[in-house]
**Student:** 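Following this message is one structure expressed as structure tokens.
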Amino acid sequence: MFCCFGCWLFRDYICGMSVRVRFAPSPTGGLHLGGVRTVLYNYLFAKHHGGEFVLRIEDTDQTRFVPGAEEYIFNCLEWCGLTPDESPVHGGPYGPYRQSERKEMYRQYAEKLVTNGYAYYAFDTKEELEQMREQYKTEENPSPQYDHRIRRKMRNSLTLADDEVKALLESNTPHVIRIKMPEHDVVSFTDMIRGEVSFQTGLVDDKVLLKADGMPTYHLAVVADDYLMKITHAFRGEEWLPSAPVHLLLWKYLGWESSMPQWAHLPLILGPNGKLSKRDGAKYGFPVFAMNWTDPKINELTEGFRERGFLPEAFINMLAVLGWNDGTEKELYSLDELIASFDIKRVHSAGAKFDFEKAKWFNQEWLKRKDVQSLKYDVRTVLANNGIVADDDALLEKIIELVKERCTLLPDFVQQAGFFFKAPETLELDAVKPKWNDEKKQFFTEYIDVLKTVSTWDMSSVETAFKELAAAKSIKPGELQLPMRIMLVGGKFGPAVFQIAEIIGKDDTVKRMEYALSLL
RNA sequence: GCCGCGUUGGUCAAGGGGUUAAGACGCCUCCCUUUCACGGAGGAAUCACGGGUUCGAAUCCCGUACGUGGUACCA
């Protein structure tokens, strides 16, 4: 994997410089599709360029702390095979990687901005802010912002006298630090997937940078940490685009403009109506999170792709091509192939609607292309979860090979492979009854007797005996195969009947047929 | 409301001035198989709309509509 010539020609400045990207989730709950795709694109980009992928935990909102959420994120990444090079658990030279543990570092930057006139102290209480919003609310402006117009009317270091501000500060009055957005500037930048984007700064509000509890908000933290962690390319969801001008300005005001990362705002993944939510999953019956997640507060379980029976390879593959393609017709990629061909510039700028049917197709394809050995553990587990013990290794391997192309999701193996290990509990007799008659009953009674005498039990001897007897009785073999299948597997599915008979053995074959016959 | 981003079949999408507008999923028909799958052969779109620019526009420009995101001391 090496950089293409394009890097020189299109001034990416990627060659020769070490690429560092980051995924920065806030540990507030399950990791959904969009999150995993963001991780994936970060990871692919980094690995394509031989760079590092760091995972940073953005836990600056203490009120939203959810126990277990951070560990859950790590487990998801591990399942997906997207291991960070640096993180709170993997360590690294730029730690700590949890923002709550970096708390003390942020204040100095915020203060520096105040000193240089790019930010200011604001003493407004929650109530005062609410009152402001109420007061200035009009039909044309339903949600007034704390912006260049409003700030003149609020209690901050721009409106208060210096000694008053000083007194307030010295008496530890709760306050925040807000950025002072310029009134008439235009901020623009080149997004790696959208091209030139620009904003009028006067239309953006004075975002809080440092909260009253001393924690930074996302806006300050993301800039400071990306700088401190030497992030070269910053990818995040499209929902961040509107606050990008704040971040751009912060890089400039802090004097770090020359090391600002290149941005790419990823398109959203949409559900049946609007942004995909876990609610959609519950409503339409598909998973939205990578793995099962139980919200500890309300004890509510949200289903994961893993538990639904997806292979991580398929999950990753499906996500990669939801919004990206390499320009060829290729759709099936291993992680290594993705790393080799990924190009952030070929990511679509439009949001993509998630299609569960297509997701299943990817799993089916991966089931077909993966070898038996690598499927064995998962299949055994899913069978065990359904009370089927498959401890004979060689047998299990043979069966997986035989039935895997009939399965879409892992749990399908229960139906497709279960009957090899355990006689069916219910027989779909309705499928044979309409055409059942004494002749057929007679056939099977005699056939059972023949089978009992077969010396070498294999597919062909079972089949030969079957056909010979059918011929002798002048019954079309085809009319007898379905009944036999129902007797052995219980339903209209599975591989060739005689193959099944061979595998389950003489005793079981005879036993199942006799039992079924007794019901007919 | 304001701001940003987006708009090629039901879905994912290629294509970025001249093409019979690829391919995949799903759907339907047929073949293979007297199970179910797999596999194979077919079927279904005037590229949101309206104006330009041009000999020529899905492709470039401008509007409109629609969708979506933001507008928090949440990320």
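Chain letters run A, B, ... following the sequence lines, proteins first and then strands; every chain starts at 1. Predicted, not measured: the structure shown is a model, and the values here were computed from it.
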**Student:** If you look at every heavy atom in A:L520 and A:K433, which pair is closest and at what distance?
**Tutor:**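 Shortest heavy-atom separation between A:L520 and A:K433 comes out as CD2-CG, 4.1 Å.
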**Student:** Using atom P of each nucleotide, how far apart are B:U8 and B:A58 to the nearest Å?
**Tutor:**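 Pairwise P distance, B:U8 against B:A58, rounds to 15 Å.
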**Student:** Below the 4.0 Å mark, does B:A75 have OP1 or OP2 next to a side-chain nitrogen or oxygen of A:K211?
**Tutor:**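 Yes.
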**Student:** Take atom CZ of A:R369 as the centre, draw a 6.0 Å sphere, and report whether it contains more than 12 heavy atoms from other residues, nucleotides or ligands.
**Tutor:**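 Result for CZ/A:R369: enclosed.
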**Student:** Test for a donor-acceptor pair under 3.5 Å between the base of B:C36 and the side chain of A:R406, counting only N and O atoms.
**Tutor:**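 When only heavy-atom distances are counted, A:R406 does reach the base of B:C36 through a donor-acceptor pair under 3.5 Å.
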**Student:** If only side-chain N and O atoms of A:R64 are considered, is one of them under 4.0 Å from the OP1 or OP2 phosphate oxygen of B:A75?
**Tutor:**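 So the side chain of A:R64 is outside the cut-off, no N or O lying under 4.0 Å from OP1 or OP2 of B:A75.
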**Student:** Tell me whether the OP1 or OP2 atom of B:A75 has a side-chain N or O from A:T60 closer than 4.0 Å.
**Tutor:**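 Checking A:T60 against B:A75: at least one side-chain N or O falls below 4.0 Å of OP1 or OP2.
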**Student:** Any base atoms under 4.0 Å from A:T63, or only sugar-phosphate, or nothing? Heavy atoms, all strands.
**Tutor:**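 The answer is nothing, as A:T63 stays clear of every strand by at least 4.0 Å.
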**Student:** Taking any heavy-atom pair under 4.0 Å as a contact, classify A:F199: base, sugar-phosphate, or nothing.
**Tutor:**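 The residue A:F199 makes sugar-phosphate contact but no base contact.
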**Student:** When you check the phosphate oxygens OP1 and OP2 of B:C74, does a side-chain N or O of A:H219 lie under 4.0 Å from one of them?
**Tutor:**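 For B:C74, OP1/OP2 do not have a side-chain N/O of A:H219 under 4.0 Å.
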**Student:** Considering only atom P, compute the distance from B:G6 to B:C61 and round it to an integer number of Å.
**Tutor:**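 Looking at atom P only, B:G6 and B:C61 are 12 Å apart.
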**Student:** NA contact type, A:P495, heavy-atom cut-off 4.0 Å: base, sugar-phosphate, or nothing?
**Tutor:**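 The answer is base, as A:P495 lies within the cut-off (heavy atoms under 4.0 Å) of a base atom.
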**Student:** B:A13 phosphate, OP1 or OP2: any side-chain N/O from A:N325 under 4.0 angstrom?
**Tutor:**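 It does not, given that no N or O in the side chain of A:N325 lies less than 4.0 Å from OP1 or OP2 of B:A13.
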**Student:** Considering every strand and a 4.0 Å limit on heavy-atom distances, what is the contact class for A:A350: base, sugar-phosphate, or nothing?
**Tutor:**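 Sugar-phosphate contact only.
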**Student:** Report the residue (A:L268 or A:G491) whose heavy-atom-nearest nucleotide on RNA chain B is the more 5′ of the two.
**Tutor:**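 The residue mapped nearer the 5' terminus is A:G491.
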**Student:** Looking only at atom C1', what distance separates B:G18 and B:C32, rounded to whole Å?
**Tutor:**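 Going atom to atom, C1' in each nucleotide, I get 43 Å.
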**Student:** NA contact type, A:E405, heavy-atom cut-off 4.0 Å: base, sugar-phosphate, or nothing?
**Tutor:**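 Since a base atom lies under 4.0 Å of A:E405, the category is base.
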**Student:** Is there a side-chain contact between A:K207 and the phosphate of B:U71, meaning an N or O under 4.0 Å from OP1 or OP2?
**Tutor:**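 For B:U71, OP1/OP2 do not have a side-chain N/O of A:K207 under 4.0 Å.
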**Student:** When we call it a touch if two heavy atoms are under 4.0 Å apart, what does A:Q364 touch: a base, just sugar-phosphate, or nothing?
**Tutor:**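 Since only primed, P, OP1 and OP2 atoms lie under 4.0 Å of A:Q364, the category is sugar-phosphate.
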